[in-house]
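When a residue number appears, it is its place in the shown sequence, counting from 1. Since the structure is predicted, the reported quantities are computational estimates derived from the model, not experimental observations.
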Amino acid sequence: MSRQVRMVKSRVSANHEIIFERKWLDLPSSVHWHDFCELDIIVSGHGTSYVNGKECVCKKGMVVFSSPSDVHDYQANELEIFNVQFSVEGVDSDILHTLMQMKNKVIYMEKEEYHRIFELCCLMER
C-alpha cells in the first residue's frame, strides 16, 4: 500500500537560517519532503529510516541527511534524535557539496566523533 507524500512547511527563514531541536520519535512519521536541508543525529533508541525508498536501520551514532529533493520518513520506536534544519543558502557550498555526496544519505560516526558531536549538540540545546 502506498502512502501519501506531503510537504512539511519550513520554520527556516531569513531570520532563522538554522533550527535545532532534540526530538523523540515514538510513532511512524509520514512520508514527506521539505524546502530545507535536514540532519538527524541518532542519539538513542531504534527504528528504520527511509530516504528515497532506501531503507536503513537507525542506531546510535548514525547521521541521516535529507536535502530539499529527498522524500523520507521514519518507522521509529522510541528513537531520540538531534534534528538540525537549515536552508541551502545558509550553509557554505563546500559543506553542502560534501553532504550531498553522502552514500545513501547516511554516515556512521566512530565513537569518539559521536561523543564530540553529542557534546556540541548538548551545548546548542541550552
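Few gaps surround NZ on Lys23; more than 12 heavy atoms of other groups in view lie less than 6.0 Å from it.
Residues Met62 and Val106 form a side-chain contact, since some pair of their non-hydrogen atoms from C-beta on lies under 4.5 Å apart. When side chains are defined from C-beta on, Val88 counts as touching Cys37, because their heavy atoms get closer than 4.5 Å. Contact of the Phe36 side chain with the Pro68 side chain is not registered, since no non-hydrogen atoms from C-beta on lie closer than 4.5 Å.
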Where do Gln75 and Asp73 land on the side chain to side chain contact (heavy atoms under 4.5 Å, CB included) test, with the steps shown first? CA-CA 7 Å; Gln75 302 298 311; Asp73 72 319; 3.0 Å; yes
Can you list the steps and then say if Ile117 with Met109 is a side chain to side chain contact (heavy atoms under 4.5 Å, CB included)? CA-CA 9 Å; Ile117 295 295; Met109 292 184 278; 3.7 Å; yes
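Looking at every heavy atom in both residues, Phe20 comes nearest to Cys121 through CZ-O, 3.3 Å.
Listed by chain and number, the residues in a side chain to side chain contact (heavy atoms under 4.5 Å, CB included) with Asp94 are Asp92 (sequence neighbours excluded). Remark: Ser93 pairs with no residue by the side chain to side chain donor-acceptor pair (under 3.5 Å) rule, at least two apart or across chains. Shown here are the salt bridge (charged side-chain N to carboxylate O under 4.0 Å, His left out) partners of Glu55, two or more places apart in sequence or in another chain: there are none. Residues satisfying the side chain to side chain contact (heavy atoms under 4.5 Å, CB included) test with Leu123, not counting sequence neighbours, are Arg126. For Lys54, the salt bridge (charged side-chain N to carboxylate O under 4.0 Å, His left out) criterion is met by no residue, not counting sequence neighbours.
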Pairs of donor and acceptor atoms involving the side chains of residues 39-51, under 3.5 Å and at least two apart or interchain, shall be tabulated with distances.
from, atom 1, to, atom 2, distance (Å)
Asp40, OD1, Asn83, ND2, 2.6
Asp40, OD2, Tyr74, OH, 2.8
Ser44, OG, Glu80, OE1, 2.8

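In this structure, CD on Glu21 lies 8.0 Å from CD1 on Ile81, to the nearest 0.5 angstrom. In this structure, CE on Met100 lies 4.5 Å from OG on Ser67, to the nearest 0.5 angstrom. Of the inter-residue distances, the one linking Trp33 atom CH2 with Glu38 atom CD reads 13.5 Å to the nearest 0.5 angstrom.
Applying the ring pair (Phe, Tyr, Trp, His ring centres under 6.0 Å) test to residues at least two apart or on different chains, the pairs with a partner in residues 107-126 are Phe82-Phe118, Tyr114-Phe118. Screening residues 110-121 for salt bridge (charged side-chain N to carboxylate O under 4.0 Å, His left out) gives Glu112-Arg116 as the qualifying pairs, with residues at least two apart or on separate chains.
Between the side chains of His34 and Gln85, no donor-acceptor pair of N or O atoms lies under 3.5 Å.
Under the 4.5 Å side-chain heavy-atom criterion for Ile, Leu, Val, Met, Phe, Trp and Tyr, Ile95 and Phe65 are members of the same hydrophobic cluster.
Judged purely by atom type and a 3.5 angstrom limit, His32 uses its side chain to pair as donor or acceptor with the backbone of Ser30.
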